[in-house]
Amino acid sequence: MKSIYILGIESSCDDTSASILCNNQMLSNVIANQAVHTEFGGVVPELASRAHQQNIIPVIVAALKKAGIDKKELDAVAFTRGPGLLGSLLVGTSFSKAFSMGLNIPIIEIDHMQAHILSHFIQNEQGTKLIPEFPFLCLTVSGGHTQIVVIRDYFEMEVIGQTIDDAAGEAFDKVAKIMSLPYPGGPFIDKYAKEGNPLAFTFPKPSIKGLDFSFSGLKTSFLYFLRDHLKVEPDFIEKHQADLCASIQYAIVSVLMDKLSKAVKQTGIKQVAIAGGVSANSGLRNAMLKMQETQGWTVFLPEFQFTTDNAAMIAIAGYYKFLKNEFAEQSAVPYSRGASKKKS
Ligand code: KG4
Ligand code: ZN
């Protein structure tokens, strides 16, 4: 059978990424991060779209070069249509349309959240990676989303639980900001947590019914806890940074794992994956491995390069749509929200 070459393009937030896949195997995955947002403590949408415009061509040229193929060998271009920042999405969408028109190949639209999940299907060079079988559960945790999803087929996914306020990544970033750590704070909390005691401080767990999550209460109690301690001990944060990071990470991970365990019990599905930026968190990864050991779950942890935003996940989703001949129209426009729709 002829090999299928897909170019994936991701530009939904502040990473510009291009990746080439040959069937389900990755040949390249190039990511340009945008340092411009650090000083603002969060992503500035207008700056993000400008940086995407600057980065998109060099990133695609680099991805083709690394893959060792010519653009004329591409079979299709898969791009993130949403959810995300509209200005950022427009850069990837418009580029994909023009590029594919020039090459006379089809375009494939991809949902960013589905792609995070489908990153588990990217096979390694040796073809030895264990890949989930349907159905499986996925906890998708990023800066914008926190969802528990049942995956019945590549594009048959049902969201059975989600956050009612902040996303898990947002919770990490907000508590990091309170401690004056740089943006995005998740990786810093993770780093300092490794030196601290997770049981040094306790924070109240939210009591939300069913499989939904809430993180805003946790963030507020962390804020008040620090405010009270700083009154009596002005260098409280510096002195207890590792314990604070370990304790708040433990609290966030506990909220996630409690609901995930509940979902496993409720559905009877014991194949469980995690995806999205927060799936890089060592506390969460260890908690998952513990469930594999003690509860008989089969756990799927993404490689670190597939945790945060990347185009390889867009390309793999594109590959499975290509096999189904599901192509997009040139009239396709980005959407900023909508991944939480029940079925797709
Ligand atoms: O999936 P992603 O790259 O972008 C979105 O689609 O939002 O996720 C970014 C989020 C940020 O909130 C970041 O702080 C968080 O993932 N993150 C982490 C870690 N690495 C990234 N959170 C906790 N621990 C980490 N190691
Ligand atoms: Zn993402």
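Here the structure is a predicted model, which is why all the values come from computation and not from measurement. First listed ligand is number 1; within each ligand, the first listed atom is number 1. Below, all heavy atoms of this structure are taken into account, side chains as well, without hydrogens, waters or symmetry copies.
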Yes or no: does [X] have any heavy atom under 4.0 Å from an atom of ligand 1?
| X | result |
| --- | --- |
| His116 | yes |
| His112 | yes |
| Cys13 | no |

Sub-4.0 Å atoms of ligand 1 with respect to non-hydrogen atoms of [X]:
| X | result |
| --- | --- |
| Ser142 | 1 (O), 5 (C), 6 (O), 7 (O), 8 (O) |
| Gly144 | 7 (O) |
| Ala280 | 20 (N), 26 (N) |

Exercise. Within 45° of the six-membered ring axis of Phe304 and under 6.0 Å from that ring's centre, is NZ or CZ of Arg285 located there?
Worked result: yes
Exercise. Taking atom CZ of Phe215 and atom CG of Asp165, what is their separation to the nearest 0.5 Å?
Worked result: 8.5 Å
Problem set entry | Gap between atom NZ of Lys177 and atom CG of Asp173 - 0.5 Å precision | 9.5 Å
Shortest protein contact, [atom] (heavy atom only):
| atom | answer |
| --- | --- |
| atom 23 (C) of ligand 1 | Asn281 ND2, 3.5 Å |
| atom 11 (C) of ligand 1 | Asp173 OD2, 3.5 Å |
| atom 2 (P) of ligand 1 | Asp309 OD1, 3.4 Å |
| atom 22 (N) of ligand 1 | Gly186 CA, 3.4 Å |
| atom 26 (N) of ligand 1 | Asp190 OD2, 2.9 Å |
| atom 9 (C) of ligand 1 | Gly143 N, 3.8 Å |

Under a 3.5 Å threshold, yes or no: a donor from one side chain and an acceptor from the other, between [X] and [Y]?
| X | Y | result |
| --- | --- | --- |
| Asn33 | Asp15 | yes |
| Asn281 | Gln249 | yes |
| Glu10 | Thr80 | yes |
| Asn23 | Tyr5 | no |
| His52 | Thr16 | yes |

For ligand 1 and [X], I'd like to know whether there is a polar contact (N/O to N/O, distance under 3.5 Å).
| X | result |
| --- | --- |
| Pro184 | no |
| Gly169 | yes |
| Gly277 | yes |
| Thr308 | no |
| Asp15 | no |

Exercise. Distance below 2.8 Å from the Zn ion (ligand 2): how many protein N/O/S atoms qualify?
Worked result: 3
Exercise. So, the side chain of Lys321 versus the backbone of Glu109: is there a donor-acceptor pair under 3.5 Å, distance only?
Worked result: yes
Exercise. Using 4.0 Å as the upper bound for N to carboxylate O, is an ion pair formed by Lys205 and Asp258?
Worked result: yes
For this session: Using a strict cut-off of less than 4.0 Å between a Lys/Arg side-chain nitrogen and an Asp/Glu carboxylate oxygen, indicate whether Asp166 and Lys219 qualify as a salt bridge.
Result: yes
For this session: Assess the pair Phe203 and Tyr250: is the distance between their ring centroids shorter than 6.0 Å?
Result: no
Seminar exercise, completed: Residues passing the ring pair (Phe, Tyr, Trp, His ring centres under 6.0 Å) test with Tyr154, sequence neighbours excluded, are Phe121, Phe134, Tyr320
Seminar exercise, completed: Exactly one of Thr140, Asp309, Asn310 clears side chain to side chain donor-acceptor pair (under 3.5 Å) with His116, and that residue is Asp309
